[in-house]
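Inspection log for the structure reproduced underneath, given as structure tokens.
Since this is a predicted model, take the numbers as computed values, not measurements. Residue numbers start from 1 in every chain, and the chains themselves are labelled A, B, ... in the order their sequence lines are given, proteins ahead of strands.
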There are 2 protein chains.
Amino acid sequence: MRVTREQAAQNRERIVETAARVFREKGFDGIGVADLMKTAGLTHGGFYGHFASKEALLGEAAGRALDGAGDEWRARMAAHPDDPLGAVVRAYLSPAHRDNPGIGCAMSALGADIARAGPVVRDAVTERARAQFALLAQAAPGDSGEERRARAIATYAAMIGAMVLARTVSDPALSEEILAAVAQSLDGSGR
Amino acid sequence: MRVTREQAAQNRERIVETAARVFREKGFDGIGVADLMKTAGLTHGGFYGHFASKEALLGEAAGRALDGAGDEWRARMAAHPDDPLGAVVRAYLSPAHRDNPGIGCAMSALGADIARAGPVVRDAVTERARAQFALLAQAAPGDSGEERRARAIATYAAMIGAMVLARTVSDPALSEEILAAVAQSLDGSGR
DNA sequence: ATTATCTATAGATCTATAGATAATGC
DNA sequence: ATTATCTATAGATCTATAGATAATGC
């Protein structure tokens with residue numbers, strides 16, 4: 001039954017990645033530890049050798065998901081030096097993102113769950129939020145660092161709210177209208 | 001045991017109001033039917049005489065909460081004819097709202113839960129979202145109805161995302177910064 | 001010998017229902 | 001007679017743990 005130290009580390013990794021996806025898809029309470037481990041190809045009892053609790057996993061999974069978003073944003077910004085912020089905004093506010101929460105923004109998919117979690121989870125997420133603000137601020141317009149930072153925060157908030165709204169409404173036309181309206185409002189020329 | 005028809009209607013009402021508050025505070029999975037009924041002063045088994053399922057209650061509770069927000073916005077807009085949208089935005093983006101999700105915006109507190117619910121719940125919420133867009137559009141600036149509507153949607157999205165972010169981060173100073181940055185970005189003069 | 005994983009289970013909780021109770025409303 | 005509420009429980013699920021197993025790594 002026992003596996004190599006390296007295999008154990010890979011198993012832990014797969015649990016985190018699986019949780020990062022499934023928590024975003026179903027919510028923190030939407031899947032139990034047993035089903036989560038089965039999805040990762042492991043058994044229920046093995047979980048507690050890797051994590052102190054299900055909530056401890058939430059902190060790692062949310063952190064992992066947000067780090068991934070940061071990497072993606074950085075790449076997109078580098079690929080669009082003419083309009084880095086616009087490139088991030090357009091990808092974020094796409095129907096593809098709306099329809100695939102499991103690989104999307106953890107803040108819009110898990111924000112409420114994280115807000116109700118303990119300090120370890122919230123601290124881990126706060127650290128990533130700071131990093132994302134700083135990253136978006138690099139691409140945001142403004143005459144000073146403070147202005148660019150404020151613009152970055154406001155842009156991120158609008159994206160998150162748009163995604164929550166677009167996923168909530170049941171009318172596809174209304175959902176697209178929400179994404180388009182917010183994308184337009186965040187367009188540099190539009191403000 | 002049996003109560004008057006009127007008392008039964010009041011009991012149903014109290015279940016909806018209790019759920020509207022507790023679901024926003026703890027999330028849909030954060031409280032069970034038994035505890036919910038106890039909080040409402042009733043017993044577990046009585047629930048299913050009023051509602052077909054716990055999810056059916058979510059639809060009514062979310063609808064009720066959003067209708068309440070609409071009423072509050074309308075009153076605030078009437079009280080500030082000089083800056084109706086600003087008045088709504090300032091109240092929404094207040095620390096008091098952040099710290100009291102149970103009586104606050106259902107979209108920011110329950111958006112992800114609603115997005116995962118069935119069509120009955122999502123249709124009920126979609127209807128209210130339309131009403132809120134129309135209400136905010138009355139107060140939004142713009143040269144045409146389409147412009148005002150788009151501005152209303154973008155404003156609502158920014159408010160929701162700001163609240164999700166402000167409740168998620170564990171650093172109070174960062175949380176206030178988020179509320180302030182989004183409030184400033186939505187300020188008529190700021191855009 | 002250590003340890004990563006396994007099976008099995010404790011104990012608590014969940015939604016939903018069955019059937020009893022007792023007061024209303026015809 | 002009807003019905004709103006009650007108690008009690010079925011059956012499923014949940015998190016977490018205990019103890020066995022078996023392969024690694026000293």
For this session: May I have the distance from B:Arg12 (atom CZ) to D:dT5 (atom P), rounded to whole angstrom?
Result: 11 Å

Problem set entry | Flag side-chain contact, heavy atom, 4.5 Å: A:Met159 against A:His97 | no

For this session: Pull out every residue in residues 46-62 of chain B that has a heavy atom closer than 4.0 Å to any atom of DNA chain C, ordered by number, or say none.
Result: B:Tyr48, B:Ser53, B:Lys54

Exercise. In the strands shown, is D:dT9 matched to any nucleotide by a Watson-Crick or G-U wobble pair with both distances under 3.5 Å, and which?
Worked result: C:dA16

Exercise. Roughly how many Å is it from CG in B:Leu36 to P in C:dT13, rounded to a whole number?
Worked result: 16 Å

Exercise. So do A:Tyr92 and A:Arg76 actually touch side chain to side chain, heavy atoms under 4.5 Å?
Worked result: no

Exercise. Could B:Arg64 and B:Glu13 be called an ion pair, given the rule that one side-chain N must be under 4.0 Å from one carboxylate O?
Worked result: yes

Exercise. For B:His44 and D:dA10, what is the distance between atoms NE2 and P respectively, to the nearest whole Å?
Worked result: 15 Å

For this session: Return the value, rounded to whole Å, for the distance between atom CG of A:Asp29 and atom C1' of C:dT15.
Result: 15 Å

Exercise. Which base sits across from C:dT24 as a Watson-Crick or G-U pair, both distances under 3.5 Å?
Worked result: D:dA1

Seminar exercise, completed: A:Phe28 CZ to D:dC14 C1', in whole Å, measures 11 Å

Exercise. Rounded to the nearest Å, what distance is computed from the CD atom of residue B:Glu13 to the C1' atom of nucleotide D:dT5?
Worked result: 18 Å

Problem set entry | Minimum-distance nucleotide to B:Thr4 side chain [options: C:dT24, D:dA4, C:dC6] | C:dT24

For this session: Taking the side chain as every heavy atom from C-beta outward, state whether B:Thr168 and A:Thr126 have any atom pair closer than 4.5 Å.
Result: no

Problem set entry | Whole-Å gap separating C1' (D:dT5) and CZ (B:Arg2) | 10 Å

Problem set entry | Lys/Arg-Asp/Glu bridge criterion (N-O < 4.0 Å) met for A:Glu55, A:Arg116 | no

For this session: Can you tell me the distance, in whole Å, between the CZ atom of A:Arg5 and the P atom of C:dT3?
Result: 8 Å

For this session: May I ask you to say whether A:Lys38 pairs ionically with A:Asp35, meaning some side-chain N is under 4.0 Å from a carboxylate O?
Result: no

